[in-house]
Amino acid sequence: MPLVRISSPHLTGRNRTQTVMLTVILATFPGILAQIWFFGWGNMIQIALACVTALAAEAAILKLRKRPVGFYLNDGSALLTAVLLGIALPPLSPWWLPVVGAIFAIVFAKQLYGGLGQNLFNPAMAAYALLLVSFPVYMTTRWAAPVTAGGDLPGFGETLRIILGSQPVPDAFTMATPLDTYKHEISASTAAAVRAQPMFGSWIAAGWEWVNLGFLTGGLWLLWRRIITWHIPAGFLAGLSLMSAAFGWDADSYTPLSLHLLSGATMLGAFFIATDPATAATSRMGKLVFGLGIGITLYIIRTWGGYPDAVAFSVLLFNFAAPLIDYYTQPRAYGHASAPRGLKKGNTHG
Amino acid sequence: MTEYIMILVSTILVNNFVLVQFLGLCPFMGVSNKVESAMGMSLATTFVLTLSSLCSYLAYTWLLQPLGLEFLQTITFILVIAVVVQFTEMVVRKTSPLLYKVLGIFLPLITTNCAVLGVALLNIKKQNGLMESILYGLGAGLGFSLVLVLFSAMRERIAAADVPRPFQGSAIGLISAGLMSLAFMGFSGLVNL
């Protein structure tokens, strides 16, 4: 037996970009399956449209920049962005929403900053916010009615025709989201009366709770695989829960915590979107602050702001804050005093 | 009291002067290359904004209105702002050489910050009282400081990114400002003022 002598580091090369991206995509499957089961084929078609557009946009930009197209397309990052966007969009939105969104995500939010790992804003959420601000009607009225709420689930062909616009959307297929309904009706009603509506189902929010549990499962798997660390999701969920405990304990006037946690895009945001390593804070402390900030902002906008769900806006706001969080939470180098920061560093006259 | 807090929330987040009303973009783009200088500029601007909205309110209410010279408000406010800035510079230089060293270069630049004139004119347009005017100025300054400091940290990171050549420098800075403005739209509806 020959003695193989290899010097350190004895690393297995498992964590290539492609492996990480594909693992994250795999982790979204429980949530996507729940979406298909409860809300029909809509999201699957949105994901497919977004994927094709994102890959085409990425290839076009790489071609323009004379970068190796195949190498960068293979890393799966454009695919992941497209999958996250497709999951987040209303299932029955017209076909051009995912197309416009994917182009904006890849070209403006990602490639103009230099591509993978250098973008400052989460591309999928930048696209979502753009679509929400530009096309509010489509982004709020195309949510599918869950099958358990007496909704009539359209088949694959019918969903495709609705998305492509060759068939109008029947009222029976759409329904307002639970977060939206609760927020707008609770001021003039009681918790029991609001919850009696079919969209809340028998437990928390028909269909939505299972979709969120699906993403929670996928997220926990990512934690176990050490693709993400616990700091951001924990901070995110803790921030949301603490705010809800402090202000929203009365279900007759505010949305209850259960609905905050297991409805809307909460779990998707906490485990899949906020944890994007390129746009989040870096140090452990920084990640906790980053997550907490998103959770708190999410609660503030959901409760007092103009949008019923605000994962996209909260994440973008803290993407914006992440470099400064990093600036202040940079760990002290061993053996050195902590570096002076901000005004203490003295003025360098820009 | 609630009303005062609402003014602050409104000016800092919902109607942020830089990202929502697009005032004061020149220092926003010009002094955001380094976090330290952005902080100096923020402090100086907040101070001047608060003081100048107070002074312009006084000048309008006690001078222009009694004399019926409201049409002179713009030129009066420019004069008031220039005086306030010069005054601030002189006081800071005499009383605290250290602070002057930190803020020194930025003070004259504030005269040309359109947010300062904008706040003074908006105070009159909104018919704000004395306390409201001061808070409006303070909130505008804090909102300006918030986004300027965040943006400067962000630009240090952009400087290291592989941005396509046609977009380097101010171009990618303005695109980032646009994306930040998109994020700030999430606050719309938080306060109705």
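Predicted, not measured: the structure shown is a model, and the values here were computed from it. In what follows, every chain begins at residue 1, and chains take the letters A, B, ... in the order their sequences are listed. Values below: every heavy atom of this structure, side chains too, minus hydrogens, waters and symmetry copies.
In this structure, A:L120 CG and B:I175 CD1 are separated by 11.5 Å, a value rounded to the nearest 0.5 Å. Remark: B:I158 CD1 to A:L112 CG distance equals 11.0 Å, nearest 0.5 Å. To the nearest 0.5 Å, the span separating OH on A:Y307 from CG on B:L190 amounts to 12.0 Å. Rounding to the nearest 0.5 angstrom, the gap separating the OH atom in A:Y327 from the CZ atom in B:R157 is 13.0 Å. Considering OG of B:S188 and CD1 of A:I301, their distance stands at 8.5 Å, rounded to 0.5 Å.
Ranked by non-hydrogen atom pairs under 4.5 Å with chain B, the options A:L316, A:L317, A:V315, A:L324 are led by A:L317. Each of A:R67, A:M125, A:Q111 has some count of heavy-atom pairs under 4.5 Å with chain B, and the biggest count is that of A:R67.
A 4.5 Å side-chain heavy-atom check between A:W304 and B:V9 finds every atom pair outside the cut-off. Residues B:P164 and A:R65 have side chains in contact (heavy-atom distance under 4.5 Å, counting atoms from C-beta outward).
Counting all heavy atoms, side chain and backbone alike, B:S176 lies closest to A:Y113 at OG-OH, 2.7 Å. Shortest non-hydrogen contact noted between B:M154 and A:N319 is CE-O, 3.7 Å. Closest heavy-atom contact between A:V133 and B:L182: CG2-CD1, 4.1 Å. For the residue pair A:F320 and B:F151, the shortest heavy atom distance occurs at CE1-N, 3.9 Å.
Neither the backbone nor the side chain of A:L132 comes within less than 4.5 Å of any heavy atom of chain B.
Residue A:M285 qualifies as open at atom CE: its count of foreign heavy atoms under 6.0 Å is 12 or below. Remark: A:M243 CE is packed, more than 12 non-hydrogen atoms of other residues, nucleotides or ligands lying under 6.0 Å away.
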